[in-house]
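Report on one structure; see the data block that follows.
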Amino acid sequence: MGLTIAQKIIKEHMLSGSMEVGCEIGLKIDQTLTQDATGTMAYLEFEAMGIPRVKTELSVAYIDHNTLQSGFENADDHKYIQTIAKKYGLYFSRPGNGICHQVHLERFGIPGKTLIGSDSHTPTGGGIGMLAFGAGGLDVAVAMGGGEYYINMPKMVKINLTGKLGDWVSAKDIILEVLRIMSVKGGVGKIIEYGGDGIKSLSVPERATITNMGAELGASTSIFPSDEITREFLEAQGREEDYIPLASDSDAVYDEVIDIDLSAIRPMVACPHSPDNVKSVRELSGIKVDQVCIGSCTNSSYVDMMKVAYILKGRTVSENVSLSVACGSKQVYNMIAANGALADIIASGARILECACGPCIGMGQSPNSGGISLRTFNRNFEGRSGTKDAQIYLVSPELAAYSAIKGVLSDPTELGCEPEIKLPDKFLINDNMIVPPAPTEKAGDIEVVRGPNIKPFPKTVPLEKSIQAECILKIGDNITTDHIMPAGAKILPYRSNIPYLSKYCFSVCDEGFSERAIKKNGGIIVGGANYGQGSSREHAALVPLYLGVKAVLAKSFARIHAANLINAGIIPLTFANEDDYEHISQGDELVLSDIKNDIESKDTTDIFNKTTGRSITLNLNLSKRQRDILVAGGLLNYTKGD
Ligand code: MIC
Ligand code: SF4
């Protein structure tokens, strides 16, 4: 039987397990990346492991999230990460060099290699044929130390693209169409591979827009073949030697096949507050717009920006709209500055931001109260923009730029014929903002600089025989890590300070949660389906751990968050019968009377609801390794053998 692209890369990198769907497999990881908002924690964890030098082929530490620097905290974290990188053998991408995923694609991504990153959009690398996963910081720390990265062997989905996109319809519209078809839960437990004749007209950055937002499908990752288009991109980046061809076998078997005709796709919009709430622009045309933001790791490539500049050229941003533009990397900024396109963008009245995550994670540019904001980003979760009642719509750069001019949500196909804007034959290459590590023999001389914002991570203790605790929060379906541990300009600077962060845990949905958790000495959380979707931030597990959360009961979990809970020593449990979700209320007294023994030896456990007198069966969908981690009280204890 033939293999899919992902199966081929897995086969080459598999160190343990078997390729049967659902089995836990351990992968050798070739490359890692971190960003600053998750990086400090990951490096504290790496330091705790006591390994003198990273053991990967390449590890890069990026600074792109926490760049507002409204106090000393961000700059302290940057210094910490910079000195860690120098000492332990990592490349350091300085603030100002760009968003991790965009820069990694341009300068480091290699087809056929494995990559994990402490950011959920790491699958962007799938655009260049990498097998790339988003992971918690601790998993990245382990991989940097040469340890395996574990996932459950996913199912294989093929998305067959045929035909060609029409004028002013773009890669963003393809992935929005996929989200419309599959939903934010549709990719769970699956790797999505793109193929078919339609991919021949998609450049690497366009492919990366699609694999980037595979994270919003809940997919383990997404991948494109490595073909002539990949080779041309690598050549234009001066890295032709990194090219290898990569394709699935003609008799590869997929668990699911979806056909999409590109010529039938129209410009799309993901409406508030979920990336799968997708409608055609025609249904929404005319909605008055207050703000437009162009950028983020999804849509900030050279061609994206050239199209935006073309639309804005000689026009003025509507007087009721605030337009912000941020390129994804210094390379893109340099190129559009050199060819004059940036001047066209500036002349239109756009507000130019540094190449960083910025508004995508609520770091500035929060919309006005109840404001309508069109964004070329990948997430429109409630409150993520920093304005609680803002309405965020996710759109393509073309639709964003045209709507900014018109002042209302508008269909870019009205612009008529699209000019051909192609990738350059040669990108402008200047890696002066990437600092190499110190040679091994000099590493000992480097002092790691630790500012006062950096606090140790919470202690975990080995699992006790039984757990008796109150249900301190009951919430519904599709709870995101932005609900559990919000980000934004006010909180994000404290990512290295779990005690401070804990005040904001669940503040989006329940202002009193943190105080209640402390008062009750922790407890149990009950959630619905797809609990913990969205970002990879392990803070959404470490902060509940700090607040004494012992277990989370849910209908189902998002992959990365479930792994983060286990790494933190918090037990993820699913209802054997989903209807039992109704039989626990906030405030109920719950007892897991034999939890340690059940985790060690069973696939289910019973929870007794003392308040109602009912017993409920819960599934323990755990590998042997995960069971051992939980019993040890988290991955750090387990790794240290405590
Ligand atoms: C996001 O897009 O939600 C983030 C911010 O990049 C996160 C990482 C974080 O919370 O630091 C992610 O995607 O993992
Ligand atoms: Fe940054 Fe937004 Fe991309 Fe996350 S999704 S890495 S916050 S640009």
Side-chain angles (χ1 to χ4, degrees), residues 33-42 61-68 74 77 81 93 95 98-105 116-125 132-137 139-140 172 175 208-209 211-216 218 221 275 293-301 304 324 326-329 353-365 375-381 383-386 392 394 480-489 491-496 501 504 508 532-543 558-561 563-564:
L33 69 80
T34 57
Q35 40 89 337
D36 47 333
T38 53
T40 44
M41 235 358 116
Y62 292 90
I63 306 290
D64 53 4
H65 281 63
N66 263 325
T67 55
L68 266 189
N74 295 164
D77 287 0
I81 294 175
S93 173
I99 306 175
C100 56
H101 308 304
Q102 173 76 21
V103 177
H104 208 85
L105 194 75
I116 67 167
S118 60
D119 192 282
S120 65
H121 290 105
T122 305
T124 309
F133 300 97
D139 283 328
V140 176
K172 179 61 148 273
I175 187 62
T209 292
T211 55
N212 172 285
M213 279 192 81
E216 276 53 70
T221 191
C293 300
I294 298 175
S296 94
C297 59
T298 323
N299 275 118
S300 56
S301 69
D304 282 340
S324 73
C327 292
S329 67
L353 307 180
E354 69 173 314
C355 48
C357 299
C360 178
I361 191 57
M363 297 300 273
Q365 308 298 317
R375 298 176 163 213
T376 66
F377 307 166
N378 46 35
R379 292 189 170 139
N380 57 351
F381 304 145
R384 182 175 158 105
S385 66
I392 310 295
L394 305 176
T480 71
T481 49
D482 279 275
H483 289 108
I484 305 170
M485 196 52 254
I491 316 176
L492 209 56
Y494 298 95
R495 279 293 182 86
S496 321
L501 276 187
Y504 298 93
V508 181
Q533 68 158 327
S535 102
S536 68
R537 63 190 72 146
E538 62 187 336
H539 305 74
L542 294 177
V543 169
R559 180 186 71 89
I560 307 176
H561 186 60
N564 285 340

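In this chain, numbering begins with 1 at the start of the sequence shown. Ligands are counted one by one from 1 in listed order, and the atoms in each one are counted from 1 as well. Because only heavy atoms are used, hydrogens play no part in the values below, and waters and symmetry mates are left out as well, while side chains stay in. The structure presented is a predicted model; accordingly, all values stated were derived computationally and were not measured.
Contacts with ligand 2 closer than 4.0 Å are made by side-chain heavy atoms of D119 only, the backbone lying farther away. By the criterion of a heavy-atom distance under 4.0 Å, neither the backbone nor the side chain of N212 is placed next to ligand 2.
Near R379, meaning under 4.0 Å from one of its heavy atoms, ligand 1 places the atoms 1 (C), 2 (O), 3 (O), 12 (C), 13 (O). Listed by atom number, the atoms of ligand 2 under 4.0 Å from H121 heavy atoms are 5 (S). Residue contact check: T38 has heavy atoms under 4.0 Å from atoms 9 (C), 11 (O) of ligand 1. The distance from ligand 1 to the heavy atoms of A37 drops below 4.0 Å at these ligand atoms: 11 (O). Close approach of ligand 2 to S296 (heavy-atom distance below 4.0 Å) involves ligand atoms 8 (S). Taking every heavy atom of I361 and a limit of under 4.0 angstrom, the matching atoms of ligand 1 come to 5 (C).
The protein heavy atom nearest to atom 13 (O) of ligand 1 is S120 OG, 2.6 Å. For atom 8 (C) of ligand 1, the nearest non-hydrogen atom of the protein is Q35 NE2, 3.1 Å. Taking atom 10 (O) of ligand 1 as the reference point, the nearest protein heavy-atom neighbour is R537 NE, 2.5 Å. Protein heavy atom in closest approach to atom 3 (Fe) of ligand 2: C297 SG, 2.3 Å. The protein heavy atom nearest to atom 11 (O) of ligand 1 is R495 NH1, 2.8 Å. Closest protein heavy atom to atom 4 (Fe) of ligand 2: H65 NE2, 3.8 Å. Nearest protein neighbour of atom 7 (C) of ligand 1, counting heavy atoms only, is S535 CB, 3.2 Å.
With S496 as the partner, the side chain to side chain donor-acceptor pair (under 3.5 Å) test is satisfied by one option alone out of T40, N66, N74: T40. A side chain to side chain donor-acceptor pair (under 3.5 Å) with R379 is found for exactly one of S296, S120, S535, namely S120.
Evaluated by nearest non-hydrogen atom to atom 5 (C) of ligand 1, the leading choice among H121, H65, H539 is H65. When C357, A487, C360, G362 are ranked by how near their heavy atoms come to atom 2 (Fe) of ligand 2, first place goes to C360.
Between S536 and ligand 1, a contact under 3.5 Å exists for at least one N or O pair.
Between R384 and ligand 1 there is a heavy-atom distance shorter than 4.0 Å.
The nearest N, O or S atom of H101 is not closer to atom 3 (Fe) of ligand 2 than 2.8 Å.
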Run the side-chain contact (heavy atoms from CB on, under 4.5 Å) test on H121 and E216 for me, step by step, so that the C-alpha distance in whole Å, both residues' side-chain angles and the decisive distance to 0.1 Å come before the verdict. CA-CA 9 Å; H121 290 105; E216 276 53 70; 2.9 Å; yes
